[in-house]
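Scroll down for the structure; my scribbles are underneath it.
All figures in this text were calculated on a predicted structure; none of them were measured in a lab. In what follows, every heavy atom counts, from backbone to side chain, and hydrogens, waters and symmetry copies are set aside. First listed ligand is number 1; within each ligand, the first listed atom is number 1.
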Amino acid sequence: MKIAIGSDHGGFNLKAVVVRFLTEKGHEVLDAGAVRLDPADDYPDFARAVSELILNGEAERGVLICGSGVGASIAASKFPGIRAALCHDSFSAHQGVEDDSMNVLCLGARVIGEELAKEVVSYFIGACFSGAERHSRRLSKVAAIEKEFQRV
Ligand code: RB5
């Protein structure tokens with residue numbers, strides 16, 4: 001799978017771990033930065049970079065890492081078509097894809113350890129949207145909200 005990954009300084013070290021993990025599993029990883037540890041960088045810039053790679057069709061899914069995972073999930077969810085969520089457990093990581101078609105997993109490097117992060121990422125990558133009628137209906141309602149409140 002083609003997976004875009006990005007982090008600010010808060011997630012910089014964990015990003016390297018996740019990049020290595022996904023690459024070793026045979027995935028094509030598009031690293032959207034940060035390319036170096038810069039305490040002054042801002043998570044919305046990496047949320048934008050990862051979201052654009054997905055919306056342009058260059059990546060199928062994304063992983064975003066900041067200190068808590070909160071800022072990254074808020075920022076990425078502003079992009080129409082991005083369904084980003086903070087998950088620190090395997091159940092949410094796979095069910096978020098199966099039921100809610102989550103396409104960006106957010107992690108908080110100051111909260112989650114490396115091994116759990118790798119497990120959560122595995123469940124996220126291994127899951128597929130179920131396509132069940134009730135979930136498609138709910139997703140349509142989410143998309144309708146996004147469209148109704150879009151100000152262009
Ligand atoms: C940056 O220090 C930190 O605020 C950021 O990584 C993230 O935790 C925001 O949600």
Side-chain angles (χ1 to χ4, degrees), residues 1-25 27-127 129 138-139 141-143 145-152:
M1 186 182 283
K2 284 188 179 177
I3 303 159
I5 187 164
S7 77
D8 70 353
H9 56 281
F12 186 78
N13 292 331
L14 184 58
K15 175 163 74 67
V17 171
V18 175
V19 167
R20 198 177 322 119
F21 176 70
L22 288 172
T23 305
E24 282 170 7
K25 294 277 177 207
H27 296 287
E28 186 177 333
V29 181
L30 306 173
D31 191 337
V35 293
R36 74 188 122 76
L37 184 58
D38 175 3
D41 66 12
D42 302 320
Y43 62 80
D45 297 327
F46 306 102
R48 173 190 285 269
V50 165
S51 299
E52 285 182 341
L53 285 168
I54 294 170
L55 296 172
N56 294 341
E58 291 169 71
E60 294 158 70
R61 302 241 180 116
V63 176
L64 273 169
I65 312 173
C66 66
S68 64
V70 174
S73 57
I74 290 172
S77 291
K78 298 295 180 194
F79 294 85
I82 296 299
R83 294 172 296 277
L86 170 58
C87 301
H88 283 161
D89 68 279
S90 51
F91 176 77
S92 305
H94 71 80
Q95 200 208 252
V97 178
E98 291 158 359
D99 292 9
D100 312 314
S101 196
M102 170 173 64
N103 52 12
V104 174
L105 171 72
C106 300
L107 298 170
R110 294 176 184 152
V111 182
I112 193 170
E114 290 182 7
E115 293 310 313
L116 181 54
K118 288 191 263 186
E119 184 178 291
V120 168
V121 167
S122 287
Y123 276 91
F124 168 64
I125 296 306
F129 178 58
R138 291 161 191 161
L139 267 179
K141 291 187 179 188
V142 172
I145 291 168
E146 194 171 69
K147 194 166 176 217
E148 184 181 344
F149 287 88
Q150 222 167 349
R151 311 244 190 277
V152 191

Indicate yes or no: at least one non-hydrogen side-chain atom of Glu114 is less than 4.5 angstrom from one of Leu14.
-> yes
What are the two closest non-hydrogen atoms of Cys66 and Ala72, and how far apart are they?
-> SG-N, 3.6 Å
Tell me, do Val142 and Glu146 make a side-chain contact under 4.5 Å, heavy atoms counted?
-> no
In a simple table, one pair per line, please give the protein and ligand 1 atom names for every N or O pair closer than 3.5 Å, along with the distance.
unit_1: ligand 1; atom_1: 2 (O); unit_2: His9; atom_2: NE2; d: 3.0
unit_1: ligand 1; atom_1: 2 (O); unit_2: Arg110; atom_2: NH1; d: 3.4
unit_1: ligand 1; atom_1: 6 (O); unit_2: Asp8; atom_2: OD1; d: 3.4
unit_1: ligand 1; atom_1: 6 (O); unit_2: Asp8; atom_2: OD2; d: 2.6
unit_1: ligand 1; atom_1: 6 (O); unit_2: Gly67; atom_2: N; d: 2.8
unit_1: ligand 1; atom_1: 8 (O); unit_2: Gly67; atom_2: N; d: 3.2
unit_1: ligand 1; atom_1: 8 (O); unit_2: Ser68; atom_2: N; d: 2.9
unit_1: ligand 1; atom_1: 8 (O); unit_2: Ser68; atom_2: OG; d: 3.3
unit_1: ligand 1; atom_1: 10 (O); unit_2: Ser68; atom_2: OG; d: 3.1
unit_1: ligand 1; atom_1: 10 (O); unit_2: Gly71; atom_2: N; d: 2.8

Check the pair Arg138 / Asp99 against salt bridge (charged side-chain N to carboxylate O under 4.0 Å, His left out), numbers first and verdict last.
-> CA-CA 9 Å; Arg138 291 161 191 161; Asp99 292 9; over 6 Å; no
Phe124 versus Val63: any side-chain heavy-atom pair under 4.5 Å?
-> yes
Results of ring pair (Phe, Tyr, Trp, His ring centres under 6.0 Å) for Phe91 - residues two or more places apart only = His94
